[in-house]
Each structure stands twice: as C-alpha cells, then as structure tokens.
Amino acid sequence: MSVVTLGDVDRQIGRGFKLLRFAPAIEAAFLRDYAASRGRLAVVWAVIGTLIYDSVYFGDATMMPDVFWQLVLVRFGIFTPFALISVLALRRWPSARNYDLLSISVAVLGVSLPMSVAVFSSSPYLFVYQNGNVAAFLFFVIALRPRFATIVLGLALMCAVQFTTTKLNGSFDDVTYTGIITFYVTLTIFLAMSAYFMEHKDRLNFLHQLRGSLLHAELERKSERDELTGLFNRHSLARVRQTIWSGEDAAATVAVIMLDIDRFKLFNDVHGHIEGDDCLRAVCRCILREVAGAGETFRFGGEEILVLMTDVEREQASDVAERIRAAIEALGIRNRGLADGQVVTASLGVALGKPIEASLEDLLRAADAALYEAKRGGRNTVSIFDGTWRGPTGSGSADDTVQASILLAS
C-alpha cells in the first residue's frame with residue numbers, strides 16, 4: 001500500500017481534480033474514508049428510507065386502488081427485505097464499490113417496482129402518482145450520495161424506467177408524455193450537476209483534512225526527532241520513559257547504552273563542522289542499523305548517543321554495544337587530527353537495571369560512569385557497569401571500584 005505524503009497532497013491540490021479522480025495512493029485513501037463514512041450512515045438511511053417508501057402505502061390505497069394489493073406485495077414483500085439484506089451485506093463486506101452498488105440498486109428498484117405495477121392501472125390519478133418518484137430521485141442523490149459516476153448511471157436508469165412504464169401504461173397523450181419526459185430530464189440534469197459539485201467539495205475537504213493530519217504528524221515527528229541525525233530526541237525520551245516506567249506492561253529489565261564519539265571535537269576542529277555533521281550522521285545511521293528493532297536510539301547531546309532496550313539480559317546488551325563499536329570503527333572515517341591514519345571510533349558504557357528498582361536517571365548515571373571508564377581505559381571500548389568496575393578488559397583493581405547506588409539486574 002502506497003504511503004501518502006504531504007507533498008503528494010499539495011501537488012494534488014495544485015493540479016486539481018476536475019474528473020473527480022485523485023492520484024492512486026490518495027484515491028485509495030479517499031475511498032477508504034468514503035466507504036467508512038457512508039457505511040456508518042447506511043443503517044440510518046435504510047431505516048428512514050424504507051419507512052418513507054413503505055408509508056406510500058396510504059397513497060397506493062387512495063390513488064391506485066385497482067392494483068393496491070400488487071403494490072403492497074412489491075413494497076413489503078420485495079423492496080423492504082431487499083433493502084435490509086443489502087445493508088447487512090454492506091456491513092459484512094464494506095467497500096466503496098459495494099456501497100455504490102447498494103445505492104443504485106435501491107434507487108432503481110425503488111422506482112421500478114411500483115411503476116411496473118402501475119403499467120396495469122387505469123387510475124385517473126396516475127399522473128399525480130408517478131410524480132411521487134421525484135422523492136426517490138432526491139433520496140438517491142441527496143441522502144445516499146454515492147459517487148458521481150454512480151449517480152449519473154442511476155439517474156439514467158431511473159429515467160429509463162420512468163419513461164418506459166408511463167409509455168406502456170398508455171394513459172397519457174403525447175403532450176402529457178412529453179411533459180413528463182421534459183420534467184424528469186430537467187430534474188436529472190440539475191441533480192447530476194449538484195452531485196458533481198457536492199463530490200468535488202467532499203474531495204476538496206478530504207484533501208484539506210488529509211493535509212492537516214499529515215502536517216500534524218510531520219510536526220509531531222519533527223518534535224520527537226533530532227533534525228541533524230534523525231534520531232529520537234530528549235522529548236521522545238520522556239515519552240518512552242513514561243511508557244517503560246509508568247505503563248501497565250512494565251519491562252522486566254532495561255538496558256542503557258551510552259555512546260560518545262572519540263575525539264570528536266578534534267575531528268570538528270580539523271575537518272570543519274560540515275564534515276563533522278556528515279560524520280555524525282554516518283555514525284548515527286550505523287547505530288540504527290545495528291540496533292534495528294532491539295531498542296530505541298536517541299541523540300542525548302552533542303556527539304553522545306543513547307540506546308534504550310527493554311527485556312534484555314546483560315550478555316545481549318553487551319553484544320549490541322560491541323557490534324555498534326565494531327561497526328563504527330569499520331566505517332573507516334579518517335580522522336586527520338590523529339596520527340597514523342586512525343579512524344573515527346566510539347566508546348560505550350552499558351548499564352542494566354530493573355524499572356521497579358532503578359529510575360531512568362539512575363541508569364543514565366550508571367551508563368555515563370561506565371562510559372567514563374571506557375574513555376579512561378583507552379577509548380574504542382565497551383565498559384559494563386555492574387556495581388564494581390571490571391573496566392574495558394574485564395579486569396580491575398581496588399582503585400577502580402565504584403560503589404553502585406542502585407540495585408542492578410545481574
């Protein structure tokens with residue numbers, strides 16, 4: 001399914017849609033909205049329309065007494081069950097096409113059934129009786145409001161039924177019959193024109209609503225994303241924090257990976273800020289590839305990147321951090337500020353805890369402390385905080401010991 005963008009909508013508004021047709025992706029979205037909105041009202045109009053249609057029973061009794069029972073049969077025995085079954089079918093298989101088929105079927109059948117019986121009537125009130133079909137024309141166009149092409153086809157079929165049955169009855173002279181044709185043709189033209197402009201307005205409103213929703217989504221996305229790197233920002237971190245620490249389905253463990261690009265200030269000083277931005281973007285893309293769906297990635301500040309993962313073990317978090325470190329080094333981005341052709345690398349600190357025992361701030365402090373140890377241990381390393389520092393190589397001394405302030409999952 002194609003994704004509609006804000007640019008697609010703006011181009012469609014600029015081009016217009018005189019033929020009442022959008023570009024494929026927008027048209028598909030419009031049809032889904034059309035089917036949903038019409039489907040919600042289908043039951044209401046079915047009940048109202050059927051009640052109005054069946055209430056003509058009293059007109060049948062007074063104006064068409066010679067075919068009254070036949071009219072009762074077609075109204076209550078054929079049309080009413082058909083209308084109700086059609087609505088149930090639409091609820092079972094909702095779509096724009098099915099709604100249009102339902103609308104045109106109801107309209108044409110609503111005119112055909114009583115007029116086919118009226119062919120055999122000799123009532124002097126037939127002229128008045130057949131004018132009652134104006135209500136069916138109006139209900140079809142104004143209440144049901146299918147798409148324009150369906151309306152044109154439906155009006156043509158309804159006119160054909162009207163003209164054929166009144167001619168077959170033989171009660172009208174040529175002047176009266178011509179007057180009936182003129183009246184219904186004029187009515188059809190005006191209804192078709194109004195249907196075109198109504199659908200054009202509906203489509204334009206849809207485009208503006210779609211544009212508004214896409215613009216809102218774009219603004220919301222930008223408010224949660226860092227403009228330079230495309231990573232989540234601190235605003236997003238607050239939202240994710242609320243989900244993890246205050247949500248109903250709390251995670252068993254949370255892993256925090258704090259990453260800092262080694263000697264990035266030196267890189268900026270030597271290469272300039274344009275290349276520095278390019279380097280930062282390349283590193284962030286690399287991190288996103290390695291993290292994939294395992295967690296969320298945030299720009300925490302400057303060249304510091306934060307990765308947040310839930311329901312992982314210590315080994316999993318450590319493996320992800322090591323993959324990130326190795327992948328950044330493998331990018332081979334030369335740092336001319338360093339000797340011997342050294343490349344851009346990163347140092348990472350990892351902390352793991354239980355949300356019920358440690359806050360996000362606790363884990364951030366622990367990961368930041370681990371990051372400091374990775375920097376002190378020679379950079380381009382991963383250090384894991386577990387209460388007593390093992391250091392980047394896994395060994396440590398009493399001088400390296402840091403007292404943990406939180407209960408960490410082990």
Side-chain angles (χ1 to χ4, degrees), residues 15-22 27 30-31 33-35 37-38 41-42 45-46 48-50 52-53 55-56 59 63 79 82-83 86 96-119 125-207:
R15 286 197 305 266
F17 43 94
K18 292 181 180 179
L19 298 180
L20 301 181
R21 185 79 181 180
F22 296 142
E27 183 70 16
F30 171 76
L31 292 181
D33 181 78
Y34 167 84
S37 60
R38 295 296 192 275
L41 294 174
W45 286 125
I48 294 175
T50 303
I52 294 173
Y53 188 81
S55 68
V56 182
M63 290 187 286
F79 181 85
F82 174 81
S86 297
R97 182 184 62 181
N98 288 345
Y99 180 80
D100 288 349
L101 287 174
L102 166 66
S103 299
I104 199 171
S105 300
V106 167
V108 173
L109 193 65
V111 172
S112 301
L113 288 175
M115 290 306 296
S116 62
V117 173
V119 167
Y125 302 108
L126 183 59
F127 179 81
V128 177
Y129 185 80
Q130 61 86 31
N131 279 335
N133 283 329
V134 170
F137 279 67
L138 295 174
F139 185 81
F140 174 56
V141 175
I142 298 174
L144 296 181
R145 288 180 64 190
R147 286 176 288 173
F148 177 69
T150 302
I151 285 178
V152 171
L153 178 59
L155 290 175
L157 292 174
M158 293 165 77
C159 281
V161 170
Q162 190 75 14
F163 302 155
T164 301
T165 53
T166 50
K167 183 68 174 178
L168 289 175
N169 179 269
S171 299
F172 306 115
D173 56 34
D174 291 343
V175 174
T176 304
Y177 183 67
T178 302
I180 292 173
I181 293 177
T182 302
F183 172 76
Y184 277 100
V185 168
T186 304
L187 175 66
T188 295
I189 292 172
F190 278 111
L191 287 177
M193 290 176 61
S194 66
Y196 174 87
F197 290 113
M198 281 193 299
E199 182 171 339
H200 191 279
K201 183 178 180 181
D202 286 344
R203 285 176 173 267
L204 184 59
N205 288 339
F206 171 79
L207 285 179

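- Taking the side chain as every heavy atom from C-beta outward, Ile151 and Leu191 never approach each other to under 4.5 Å.
- In terms of heavy-atom proximity, Phe140 sits nearest to Leu155 at CE2-N, 4.0 Å.
- Within the structure, ring-ring contact (aromatic ring centres under 6.0 Å, His included) pairs that include any residue of residues 147-170 comprise Phe148-Tyr196 (at least two apart or interchain).
- Here salt bridge (charged side-chain N to carboxylate O under 4.0 Å, His left out) pairs that include residues 153-179, with residues two or more places apart or in two chains, number zero.
- Counting only residues at least two apart or in different chains, side chain to side chain donor-acceptor pair (under 3.5 Å) contacts with residues 155-164 comprise Gln130-Gln162, Asn133-Gln162, Gln162-Tyr184.
- Residues in residues 183-199 take part in these salt bridge (charged side-chain N to carboxylate O under 4.0 Å, His left out) pairs, two or more places apart or across chains: Glu199-Arg203.
- Side-chain atoms of Phe127 and Ile180, non-hydrogen and from C-beta on, do get closer than 4.5 Å to each other.
- Under the side chain to side chain contact (heavy atoms under 4.5 Å, CB included) criterion, Arg145 pairs with Arg38, Met198, Asp202, sequence neighbours left out.
- Applying the side chain to side chain donor-acceptor pair (under 3.5 Å) test to Thr188 and every residue at least two apart in sequence or in another chain returns nothing.
- Not counting sequence neighbours, the partners of Phe206 by the ring pair (Phe, Tyr, Trp, His ring centres under 6.0 Å) test are Phe30.
- Here CZ of Phe139 is found 11.0 Å from CD1 of Ile142. Values are rounded to the nearest 0.5 Å.
- For Ala83, the side chain to side chain contact (heavy atoms under 4.5 Å, CB included) test picks out Thr50, Phe79, with sequence neighbours left out.
- Leu157 is linked by a side chain to side chain contact (heavy atoms under 4.5 Å, CB included) to Ile104, Val108, Leu153, counting only residues two or more places apart in sequence or in another chain.
- To the nearest 0.5 Å, atoms OG1 (Thr166) and CG (Leu126) are separated by 8.0 Å.
- When every heavy atom of Val119 is checked against every heavy atom of Thr165, the shortest pair comes out as CG2-O, 3.6 Å.
- Here Val117 pairs with Val67, Gln70, Leu71, Val74 under the side chain to side chain contact (heavy atoms under 4.5 Å, CB included) rule; sequence neighbours left out.
- Residues meeting the ring pair (Phe, Tyr, Trp, His ring centres under 6.0 Å) test with Tyr177, sequence neighbours left out: none.
- A 4.5 Å side-chain heavy-atom check between Leu113 and Tyr53 finds at least one atom pair inside the cut-off.
- Counting heavy atoms of neighbouring residues, nucleotides and ligands inside a 6.0 Å radius, atom OH of Tyr125 does not exceed 12 of them.
- With contacts defined as side-chain heavy-atom distances shorter than 4.5 Å, the pair Phe22/Leu207 qualifies.
- Here side chain to side chain donor-acceptor pair (under 3.5 Å) pairs that include residues 96-113, with residues two or more places apart or in two chains, are Tyr34-Asp100, Ser95-Asn98, Asp100-Arg147, Asp100-Thr150.
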